[in-house]
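Below is one structure, written out as structure tokens; comments come after it.
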Amino acid sequence: NNPALYNPYYLDGNEALIERQHKTLDVMVEMGYITQEQCDEAKAVDIIARVQPEQNQYENILAPWAVLEAKSALESKYGLKVLREGGVILYPTDTVWGIGCDATNPEAVARVYEIKRRVDSKAMLVLLDGAGKLQGYMDKVPETAWMLLEASEGQRPMTIIYPHARNLAPNLLAEDGSVGIRITTEPFSKALCEQLRRPIVSTSANISGEAAAKCFNDITPELLNAVDYVCAFRRNDTSTHQPSSIIKIDDKERITIIRS
């Protein structure tokens, strides 16, 4: 009933292991599971010589290795370690390349404003990996927003500006307390949000007032050197992407189209 009693790595000395093995064999004879001849034959085997060096519990097992490899890939390619430590990254999104950080970290958000040379009265939007997480970042999700999100599935990415934001860095919000949030379905940015388990700032990879970078090659050396990490994913992608549409919903659920 206790396999540890027969584990050679949990016993004090080889004699204890042999003694327990012989006792087990004798009991098996008494119960009729084996003959006395089989018992004597088994006792003659040098079981100590057959004990192998103790192995790591994950050695030669595919799943834990794959998990560790995935974790390593996330840390290195996605820049998760940098984000968790309050750093700023350059990364591809569901629209254009963006400058990003943990949207709940005010110091990291301040650095993004500094890198873009942008006044913090101009709020930045954030990405989430699922609409179900919206409720954690505002007092109430407007009913109009649910309808817009449903209608936009499979269409061009859409950013919605929501009233009464909460649980985000204060310097990320507009003066009226609103915040722009986009639900990303693009695999890379979605996985990034999922693994960080927090919303991520997504502002275009350019100095404020200059044209947004449409692909990685358009990003200036100044920006590349200003951030803490540049994601390796999709650097060779030269296809261009449009910015999202932007719709604002106020606390009375009135809609204003900011960018169509």
Side-chain angles (χ1 to χ4, degrees), residues 88-104 109 112-113 115-186 188-190 192-193 198-215 218-219 223 239-260:
V88 176
I89 67 170
L90 271 170
Y91 70 111
T93 73
D94 54 341
T95 56
V96 296
W97 270 75
I99 304 174
C101 70
D102 177 354
T104 66
V109 171
V112 175
Y113 283 120
I115 290 170
K116 285 185 65 77
R117 300 181 198 164
R118 181 175 180 173
V119 294
D120 59 10
S121 60
K122 292 185 176 180
M124 298 182 290
L125 67 90
V126 304
L127 296 183
L128 276 176
D129 56 281
K133 296 182 179 180
L134 284 168
Q135 298 174 75
Y137 299 100
M138 62 195 72
D139 290 345
K140 180 184 177 183
V141 181
E143 289 297 326
T144 307
W146 294 120
M147 291 187 287
L148 287 171
L149 289 169
E150 184 176 357
S152 68
E153 288 183 6
Q155 306 299 316
R156 177 184 170 191
M158 177 181 63
T159 300
I160 298 178
I161 300 175
Y162 297 89
H164 307 300
R166 60 187 176 92
N167 297 330
L168 294 167
N171 52 343
L172 184 61
L173 310 183
E175 292 180 350
D176 62 359
S178 64
V179 67
I181 300 177
R182 186 165 72 247
I183 307 302
T184 177
T185 57
E186 184 270 330
F188 183 89
S189 51
K190 182 179 176 67
L192 191 60
C193 291
R198 295 173 188 170
I200 299 174
V201 167
S202 179
T203 182
S204 56
N206 62 294
I207 302 299
S208 186
E210 297 181 359
K214 294 181 179 179
C215 63
D218 292 337
I219 302 174
L223 276 182
S239 58
T240 58
H241 301 270
Q242 285 186 316
S244 71
S245 59
I246 302 177
I247 297 175
K248 182 173 183 178
I249 303 176
D250 65 17
D251 53 6
K252 295 183 179 179
E253 302 218 15
R254 293 175 297 198
I255 293 177
T256 303
I257 298 176
I258 307 297
R259 182 169 67 204
S260 59

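These figures come from a predicted structure and were not determined experimentally.
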Minimum side-chain heavy-atom gap [X]-[Y] below 4.5 Å:
X    : Y    : result
I181 : P199 : no
I246 : I161 : yes
R254 : I249 : no
T184 : P157 : no
V201 : V88  : no
L192 : L127 : no
I99  : L90  : yes
M138 : S178 : no

Original post:
Is the NZ atom of K116 crowded by more than 12 outside heavy atoms at less than 6.0 Å?
Top reply: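 Atom NZ in K116 is packed in, count exceeds 12.
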Subject >> Enclosure of K248 NZ (heavy-atom neighbours >12, cutoff 6.0 Å) >> reply: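 No, NZ of K248 has 12 or fewer neighbouring heavy atoms, counting only those of other groups under 6.0 Å.
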Original post:
Of the options L125, V126, V112, which is the one that meets T203 in a side chain to side chain contact (heavy atoms under 4.5 Å, CB included)?
Top reply: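 So, applying the side chain to side chain contact (heavy atoms under 4.5 Å, CB included) to T203 and each of L125, V126, V112, only V112 qualifies.
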Subject >> Residue of the set D129, I183, T93, D94 for which side chain to side chain contact (heavy atoms under 4.5 Å, CB included) holds with K190 >> reply: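 It is D129; the other options fail the test.
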What's the separation between atom [atom1] in [X] and atom [atom2] in [Y], rounded to the nearest 0.5 Å?
X    : Y    : atom1 : atom2 : result
I219 : K214 : CD1   : NZ    : 14.0 Å
R117 : S208 : CZ    : OG    : 10.0 Å
C101 : R198 : SG    : CZ    : 11.5 Å

Subject >> Donor-acceptor pair, side chain of K140 and main chain of D251, under 3.5 angstrom >> reply: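 Side chain of K140 to backbone of D251: no pair is present.
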Subject >> Full working for side-chain contact (heavy atoms from CB on, under 4.5 Å) between S202 and Y91 >> reply: CA-CA 9 Å; S202 179; Y91 70 111; 3.3 Å; yes
**OP:** Please test I160 against L149 for side-chain contact (heavy atoms from CB on, under 4.5 Å), starting from the C-alpha separation and ending with a verdict.
**Re:** CA-CA 9 Å; I160 298 178; L149 289 169; 4.1 Å; yes
**OP:** Return each pair, listed once, that meets side-chain hydrogen bond (donor to acceptor under 3.5 Å, both in side chains) where at least one residue sits in residues 157-166; pairs must be two or more places apart or across chains.
**Re:**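 Listed once each, the pairs are T159-R182, T159-S244.
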Subject >> side-chain hydrogen bond (donor to acceptor under 3.5 Å, both in side chains) pairs, two or more places apart, involving residues 142-156 >> reply: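 Those involving residues 142-156 are T144-E253.
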Non-hydrogen atoms of [X] and [Y] that approach each other most closely:
X    : Y    : result
S239 : C215 : O-CB, 4.1 Å
R259 : P243 : NH2-CB, 3.5 Å
S204 : A212 : CB-CB, 3.8 Å

**OP:** Would you please test L223 and E210 for side-chain contact (heavy atoms from CB on, under 4.5 Å) and show each step?
**Re:** CA-CA 12 Å; L223 276 182; E210 297 181 359; over 6 Å; no
